[in-house]
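What follows is a single structure, written as structure tokens, with notes after it.
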Amino acid sequence: MQPMDGISYKKWMERAAGLFLSALIAVLLTMLFLAVFAFAMLKGNLSASVEKIGLIVMSVMACFVGGFLCGKKNIKKRYLWGLGVGVLYCLFFGVIRVGMGQAFVTDTTAFFTMMLYCAAGGMLGGMLS
């Protein structure tokens, strides 16, 4: 196959696979964080505001790690690859919600705010890689 814009099909597929793998690692890392956080909530008797802040921090940290890993695999425009990880991360959780029989988005403002947080975390991770 002919290279398009200086990148071969094989190289493009490797980068796309790296993007999906980094987003999947971020999702798995979030699940690990959630398990630890749920135990802390159970033992610590924390309030609902702490829960909301904790969920945001966990998502941003997971997207940061995913963006960092994806940025390590790509040479140019790492921040865009990190942005892709953050957006794909949000879409993964939307698909998981649909798979559980819930609506993709219940509150559009909250969903887009979360997407911005995750995209920013992924971009920061990509920039710092």
Side-chain angles (χ1 to χ4, degrees):
M1 184 162 221
Q2 293 289 341
M4 297 176 351
D5 296 332
I7 187 168
S8 68
Y9 179 74
K10 181 180 177 185
K11 188 72 168 176
W12 186 85
M13 289 302 290
E14 288 174 2
R15 289 183 180 177
L19 177 72
F20 283 110
L21 181 64
S22 296
L24 183 63
I25 288 172
V27 168
L28 294 175
L29 190 60
T30 300
M31 290 179 187
L32 176 69
F33 287 159
L34 281 173
V36 172
F37 191 64
F39 183 74
M41 290 283 294
L42 179 69
K43 294 296 181 183
N45 201 11
L46 303 173
S47 67
S49 61
V50 172
E51 177 186 353
K52 290 179 183 179
I53 292 170
L55 291 173
I56 292 170
V57 169
M58 286 184 288
S59 296
V60 171
M61 284 176 42
C63 287
F64 175 83
V65 170
F68 189 84
L69 293 174
C70 192
K72 282 290 189 189
K73 296 179 183 179
N74 297 298
I75 297 170
K76 292 185 179 180
K77 298 186 180 176
R78 294 176 178 173
Y79 66 96
L80 289 177
W81 290 102
L83 172 72
V85 168
V87 170
L88 196 59
Y89 173 88
C90 287
L91 293 177
F92 272 160
F93 277 110
V95 168
I96 290 171
R97 286 180 56 96
V98 170
M100 291 174 33
Q102 299 177 358
F104 184 77
V105 176
T106 54
D107 182 12
T108 55
T109 305
F111 177 76
F112 285 115
T113 304
M114 183 183 132
M115 187 175 281
L116 286 174
Y117 285 139
C118 293
M123 283 178 66
L124 183 62
M127 284 189 278
L128 295 179
S129 64

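Residue numbers start at 1 and run along the sequence shown.
- Minimum interatomic distance between A62 and T30 (heavy atoms only, all atoms of both residues): CB-OG1, 3.1 Å.
- Two residues are said to be in side-chain contact when any heavy atoms from C-beta on lie closer than 4.5 Å; I96 and F93 meet this criterion.
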Problem - Test side chain to side chain contact (heavy atoms under 4.5 Å, CB included) applied to F64 and V85, step by step - result: CA-CA 9 Å; F64 175 83; V85 168; over 6 Å; no

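- The closest side-chain heavy-atom distance from L83 to L80 is below 4.5 Å.
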Scan the side chains in residues 31-44 for donor-acceptor partners under 3.5 Å anywhere in the protein, sequence neighbours excluded, and list what turns up.
none

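- Judged by distance alone, with hydrogens and angles left aside, the side-chain atoms of R78 form no donor-acceptor pair with the main-chain N or O of M127 at under 3.5 Å.
- Of all heavy-atom pairs between F92 and V27, the closest is CD1-CG2, 3.5 Å.
- Closest non-hydrogen pair, F104 versus R97, comes out as O-NE, 3.6 Å.
- Cluster annotation: L91 is connected to V98 through the hydrophobic network of ILVMFWY side chains, with a link wherever side-chain heavy atoms come within less than 4.5 Å.
- In terms of hydrophobic clustering, with Ile, Leu, Val, Met, Phe, Trp and Tyr side chains grouped at heavy-atom distances under 4.5 Å, L29 and L69 are assigned to a common cluster.
- Open room surrounds CG on N45; 12 or fewer heavy atoms of other groups in view lie less than 6.0 Å from it.
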Practice task
Could you walk me through whether Y117 and C63 pass side chain to side chain contact (heavy atoms under 4.5 Å, CB included), step by step?
Solution key: CA-CA 9 Å; Y117 285 139; C63 287; over 6 Å; no

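- Across all non-hydrogen atoms, the minimal contact from G66 to S22 is O-CB, 3.3 Å.
- Hydrophobic clustering keeps V60 apart from V87 (ILVMFWY residues linked when any side-chain heavy atoms are closer than 4.5 Å, directly or through intermediates).
- Summarising the geometry, atom OH belonging to Y79 is positioned 13.0 Å from atom OG belonging to S129; distances are rounded to the nearest 0.5 Å.
- Note that OG1 of T108 and CE of M115 are 11.5 Å apart. Values are rounded to the nearest 0.5 Å.
- Results of the side-chain contact (heavy atoms from CB on, under 4.5 Å) test with I53 over I56, V57, V50 single out V57 as the only residue that passes.
- The environment of F112 atom CZ is sparse: at most 12 non-hydrogen atoms of other residues, nucleotides or ligands sit within 6.0 angstrom.
- Taking hydrophobic clusters as Ile, Leu, Val, Met, Phe, Trp and Tyr residues chained together by side-chain heavy-atom distances below 4.5 Å, L88 shares a cluster with L28.
- Of all the heavy atoms in C90 and F111, the pair that sits closest is O-CE1, 4.2 Å.
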